[in-house]
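The sequence lines fix the lettering, A, B, ..., with proteins before strands; numbering per chain opens at 1.
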There are 2 protein chains.
Amino acid sequence: MPAENLSFETAKRGQLAEPHVVEMRGFELFSGMPEDSFETLMRTTHVQAFPPRTMLITEAGPPDFLHVVLSGSVELFSNWNGRETSVATVRPVGTFILAASIRNAPYLMSARTLEESRVAMIPSEEVRAMFDSDAAFAHAIVNELAQCFRTVVKHNKDLKLRTSLERLANYLLREMQRNDATEFDLNTEKRRLASFLGMTPENLSRAFKGLEKHGLRVKGSRITIANLQDLTAFAKPSPLIDDFTT
Amino acid sequence: MPAENLSFETAKRGQLAEPHVVEMRGFELFSGMPEDSFETLMRTTHVQAFPPRTMLITEAGPPDFLHVVLSGSVELFSNWNGRETSVATVRPVGTFILAASIRNAPYLMSARTLEESRVAMIPSEEVRAMFDSDAAFAHAIVNELAQCFRTVVKHNKDLKLRTSLERLANYLLREMQRNDATEFDLNTEKRRLASFLGMTPENLSRAFKGLEKHGLRVKGSRITIANLQDLTAFAKPSPLIDDFTT
DNA sequence: CGTCCTTTTGAACATTGTCAAACACTGTGG
DNA sequence: CCACAGTGTTTGACAATGTTCAAAAGGACG
């Protein structure tokens with residue numbers, strides 16, 4: 001209800017009336033800022049809707065904008081020597097390119113939309129300026145960045161400490177949590193999932209088969225965790241790798 | 001020379017006279033701070049020397065202190081299900097546990113000294129308080145954190161996009177740069193290097209053999225890059241994975 | 001010199017990747 | 001409605017890569 005009121009009140013003041021601005025005001029990244037700082041930031045921020053499979057940025061490019069995913073989802077990926085790997089999926093309300101924006105260094109990853117998505121783009125200079133002038137924003141930024149860091153470290157541990165079968169099992173347990181149900185759809189292509197988990201599509205296909213011994217049922221993209229105890233005993237999830245809230 | 005002067009001048013003012021405090025003042029992390037902020041921070045900071053192979057922190061523990069390596073080197077590693085992997089080596093003047101300190105979240109990694117090392121420990125609360133009250137420190141912190149993030153992302157790409165042979169080849173090229181010489185010593189146990197590169201010691205041993213076809217000579221821990229062109233052609237280093245300055 | 005630890009080597013084994021083909025699903029156009 | 005192409009997934013046979021286990025060789029140090 002406060003949100004609706006705000007939306008209504010600001011509806012007469014030009015740009016700030018736009019729904020996405022109101023929407024963004026509520027995000028953790030901006031919610032602690034005083035109104036005038038927020039308005040300054042929004043003045044140079046552009047929001048754009050993109051169709052599926054649209055390239056947003058290309059690795060090695062100059063870090064012109066901090067990106068904030070407002071709706072849909074965006075894949076971060078990287079290439080080397082003709083190979084490609086999926087690094088992460090960013091969903092609302094996540095940011096990407098934050099570290100590059102702050103350091104004013106080249107992008108390490110490319111990004112493309114997976115589905116129709118709306119993305120806010122804040123000029124990197126403005127991010128750095130606002131970081132210096134607004135303590136609440138600085139606070140939010142460093143928290144977001146620390147979160148990103150910890151996510152990548154966890155991903156790293158996942159890759160180095162586990163076999164592909166174990167990675168898949170733990171991924172499915174995390175998805176179970178996210179969906180809050182033991183039966184759910186993978187809403188990603190399996191080959192993308194394979195790339196994310198660091199394996200080939202063929203190997204993933206066999207890994208799904210392999211997990212049927214441990215309480216999993218797979219039909220197409222429909223996943224059923226038939227025996228949670230079994231799967232958990234096999235996967236041995238750890239908060240220091242699989243908990244994505246801290 | 002300015003550093004020596006400072007050292008001499010502050011030699012009469014109690015705690016701040018200690019050499020490590022003078023030393024730390026010069027680090028990028030602190031050099032931009034006004035003197036009083038720095039003094040406040042140093043008041044609760046302790047510096048300690050540790051013998052080799054000393055555990056400094058254990059993963060899952062509470063993030064009491066931000067650690068700064070002043071001399072020696074520290075290994076960050078992690079365990080899961082009876083396995084262990086080496087995640088990074090921190091050298092002067094690097095920090096660790098920064099993200100955990102900021103988010104006040106459990107350590108994701110354990111740390112132990114590799115050699116005799118001096119480590120400064122700043123209470124995490126002080127780090128967070130100083131972040132809020134001193135803009136220059138906030139600036140330095142977020143830059144350091146962004147750097148850490150980018151390093152982990154690069155490591156991730158290295159792992160997922162390359163074979164173990166390619167990872168070793170690129171590692172050696174990076175070491176060549178760090179040593180500024182085509183002949184150098186590995187300053188690390190090979191089994192630790194293997195773990196860092198995500199493979200077994202046996203596999204590393206064979207990988208060294210395998211690189212002899214590409215211009216490498218190995219005698220014990222002595223590495224000679226006999227044919228840089230060959231090795232580079234094989235390794236195909238990329239700034240977006242192997243450049244650790246941005 | 002002997003002890004302890006790391007590294008190397010060999011051989012068997014397991015896992016993962018590659019390639020080719022079959023299959024399944026989706027949407028198009030006849 | 002069907003045939004068809006296009007794409008993604010699965011399967012099988014095989015190759016490459018990586019791991020395990022055991023044992024030998026090398027180094028460091030008392």
Of all the heavy-atom pairs spanning [X] and [Y], show the shortest one and how long it is.
| X | Y | result |
| --- | --- | --- |
| B:Met176 | B:Ile225 | SD-CD1, 3.7 Å |
| A:Ser86 | B:Lys160 | O-NZ, 2.8 Å |
| A:Ile241 | A:Arg162 | CG2-NH1, 3.4 Å |

Checklist entry - Mind checking which nucleotides bracket the chain A contacts on DNA chain C, 5' to 3', with an atom under 4.0 Å from a heavy atom? => result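 Reading along DNA chain C, I get C:dT16 to C:dC19.
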Dump every N/O contact between nucleotides 7-9 of chain D and the protein below 3.5 Å, one line per pair.
residue: D:dG8; atom: OP1; partner: A:Arg191; partner atom: NH2; Å: 2.7
residue: D:dG8; atom: OP2; partner: A:Arg191; partner atom: NH1; Å: 3.4
residue: D:dG8; atom: OP2; partner: A:Arg191; partner atom: NH2; Å: 3.4
residue: D:dT9; atom: OP1; partner: A:Lys190; partner atom: N; Å: 2.7
residue: D:dT9; atom: OP2; partner: A:Arg191; partner atom: N; Å: 3.2

Checklist entry - In terms of the angle between their ring planes, are B:Tyr107 and B:His67 parallel, tilted or perpendicular, with boundaries placed at 30° and 60°? => result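 Answer is perpendicular, since the angle exceeds 60°.
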Measuring only between side-chain heavy atoms, which start at C-beta, is [X] closer than 4.5 Å to [Y]?
| X | Y | result |
| --- | --- | --- |
| A:Met121 | A:Ile57 | no |
| B:Ile102 | B:Ile141 | yes |
| A:Val218 | A:Lys190 | yes |

Checklist entry - Under 3.5 Å, is there a donor-acceptor pair linking the side chains of A:Glu84 and A:Ser195? => result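 Judged by distance alone, the side chains do not pair up.
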Item to check | Carboxylate-amine/guanidinium contact B:Lys209 B:Glu212, below 4.0 Å | outcome: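 No, this pair does not count.
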Next on the checklist: Quick one: does any side-chain atom of A:Ser73 pair with a main-chain N or O of A:Leu114 as donor and acceptor, under 3.5 Å?
Outcome noted: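 No: the side chain of A:Ser73 does not pair with the backbone of A:Leu114.
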Item to check | Base-contact (B) and sugar-phosphate-only (S) positions in nucleotides 16-24 of chain D, heavy-atom cut-off under 4.0 Å, - elsewhere | outcome: --SBBB---
